[in-house]
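What follows is a single structure, written as structure tokens, with notes after it.
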Number of protein chains: 2
Amino acid sequence: MITIGQLAAYAGVTIKAVRHYHKCGLLEEPPRDSSGYRRYTAQHAIALVKIKTLAEAGVPLARIKELLAANAHQFAAAISEIDRNLQERGKELRRTRERIGRLSAGDRLFVATEVAVYLDRLRQLGVSQRGVQIERDGWILLSSTSPKAAAIWFADKLEALDDPEFVALYLECDEAFDWSADDPRLDALAGRVERWFVGRGDGHTGGTQPAADPSIARLIATSTGFSSPAWDQLKQIARERKGRVTKTHRHSA
Amino acid sequence: MITIGQLAAYAGVTIKAVRHYHKCGLLEEPPRDSSGYRRYTAQHAIALVKIKTLAEAGVPLARIKELLAANAHQFAAAISEIDRNLQERGKELRRTRERIGRLSAGDRLFVATEVAVYLDRLRQLGVSQRGVQIERDGWILLSSTSPKAAAIWFADKLEALDDPEFVALYLECDEAFDWSADDPRLDALAGRVERWFVGRGDGHTGGTQPAADPSIARLIATSTGFSSPAWDQLKQIARERKGRVTKTHRHSA
DNA sequence: CTCGAACCTTGACCCGAGGTCAATGTCAAG
DNA sequence: CTTGACATTGACCTCGGGTCAAGGTTCGAG
């Protein structure tokens, strides 16, 4: 006939936990002695260790209660279920560990793997740290608002990176971020960009449909807080040129 | 500029969690639009994924808050600490899995390994299921009240099992459980038990000090609910004999 | 015999990390 | 104009206990 403290120590749980199990109806309340102390037997110790083992495995107390009342067959089935569960948690834990490991090693964690690869490629091509960050923020924003559109645009942009002229334009736009708004090079750059789009065959689209358009990503980027006078000017020139082209088209039509 | 729902979906958390992080000061409150909706940027998404990753690793939110404010060095140190922690949890999980596996396979779980081995040995010697259970309960009770005494007695009893006469006596006592109280074999059995203890050299001790005395374990066992008229009678005879022996000693002294 | 330490009793409140519900407001599309 | 999806706040619920308060009990030493 042992006391609650001895029982708890034997099973490796706290006294409070034992009383909690009583309240939940998990562990039978033992008889009291003359002073009102609970007096336990070995059977209680066995039941308690069983409860503790299941509880440590993350089984909710309510479920443990059911299991203790179940027959051997049901119990065995539940055990193997719990074990599968535990195994799953082990795998999940390994995945978490991998992600945690990447946490201290940069920003690859925060975007889908393929985007991370793409960003690495940009860095290798010589894009500035700031440019890469703008891209990253753009893709995050885009894929949270419309994941499907993001996937399509992304595939298109990835393809464009195989075109040396596009890469050259991209790098120059990246540098242009720091130019002043009246830099004479901006006009030429805007022209080359326009010609590239026309040459690619989708320069005619209105602006919302087209695919690999760096200005779209940049547009998104501005809403994340990045902007530069030179880029604003670049966009301005592009709009004017497009207006002229549209007008010319109308004239010729 | 995304809404709370889009942000939550991107990071893979619930809206409620995002607001919870705001309340805890973990994630900066973004500006509101004209209708009072929170409007997030990509920076928020990055911060949120970071928070989520740490939270999934079991890091308390208060600790995450500290980490986000810490410098890169402290952060990296904390990460490796967390990773070690995670690894430890993995090991613990494997241990739990092993114990869970044993749960459906009997009672080895509920007593220390060496006692489990001892109980198996009893079973092999032909001790009844009931007898083994009485022993198990006895050791549980004993090791919860006085673990040290239990260890000493246990070592002694294990040694006694190497004596064929002790084993024979044990088996006969085990069978005697079901005899009636006036069975004539009880007297002879009591005599053999007494002679064994005397021959072993500790028959002179008072009864509280001695070591491998099955009647002690049985005595404990009675307090767990097991008892039989034959065993009660056996104890009665033993007491009478001991009384006579003591008296004789006194006379000769 | 008394003292203190260690043990036991009940009850009430507290914790993290959100979930749920209610009442209300707002947005976008048919 | 309505409908359904989404947003806002606040209050209360959950689980598995921990902590505190305000006592009563037991045990061993002096």
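Residue numbers start from 1 in every chain, and the chains themselves are labelled A, B, ... in the order their sequence lines are given, proteins ahead of strands.
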Rounded to whole Å, CG of L26(A) lies from P of dC15(D) at a distance of 12 Å
note: Y40(B), atom OH; dT8(D), atom P; distance rounded to Å ~ 6 Å
| request: State whether Y21(B) and K50(B) meet the cation-pi test: NZ (Lys) or CZ (Arg) under 6.0 Å from the six-membered ring centroid, and within 45° of the perpendicular axis. | output: no
OG1 (T53(B)) and CG (L48(B)) are apart, to the nearest 0.5 Å, by 9.0 Å
It should be established whether T14(B) places a side-chain nitrogen or oxygen under 4.0 Å from OP1 or OP2 of nucleotide dG18(C).
no
Assess whether one donor atom and one acceptor atom, taken from the side chain of Y37(A) and the base of dG24(D), lie less than 3.5 Å apart.
yes
Tell me whether the OP1 or OP2 atom of dG24(D) has a side-chain N or O from S35(A) closer than 4.0 Å. no
R32(B) near the nucleic acid: base, sugar-phosphate alone, or nothing, with a heavy-atom cut-off under 4.0 Å? sugar-phosphate
*Has R38(B) got a side-chain N or O lying under 4.0 Å from the OP1 or OP2 atom of dT8(D)?*
yes
Side-chain atoms of A17(A) come closest, of dG18(C), dA7(D), dG17(D), to dG17(D)
Assign each of G58(B) and R39(B) the nucleotide of DNA chain C bearing its closest heavy atom; nearer the 5' end lies the nucleotide of G58(B)
Practice problem: Classify the nucleic acid contact of R19(A) as base, sugar-phosphate or nothing, counting any heavy atom under 4.0 Å across all strands shown. | Solution: base
*Mark yes or no for whether K52(B), through its side chain, and A11(B), through its backbone, hold a donor-acceptor pair below 3.5 Å.*
yes
Closest to the 5' end of DNA chain C, once V59(B) and G36(A) are matched to their nearest nucleotides, is G36(A)
N/O (side chain, Y21(A)) to phosphate O (OP1/OP2, dG17(D)) under 4.0 Å
yes
Report yes or no: do E135(A) and Y118(A) form a side-chain donor-acceptor pair below 3.5 Å?
yes
To the nearest angstrom, the CG-P distance between D33(B) and dG25(C) comes to 16 Å
Between NZ of K16(A) and C1' of dT19(D) the distance, given in whole Å, is 8 Å
Using salt bridge (Lys or Arg N to Asp or Glu O under 4.0 Å), reason through R95(A) and E98(A) one step at a time and then give a plain yes or no. CA-CA 5 Å; R95(A) 276 196 287 273; E98(A) 205 204 331; over 6 Å; no
Residue pair S34(A)/Q6(B) against DNA chain D: nearer the 5' end by closest nucleotide is Q6(B)
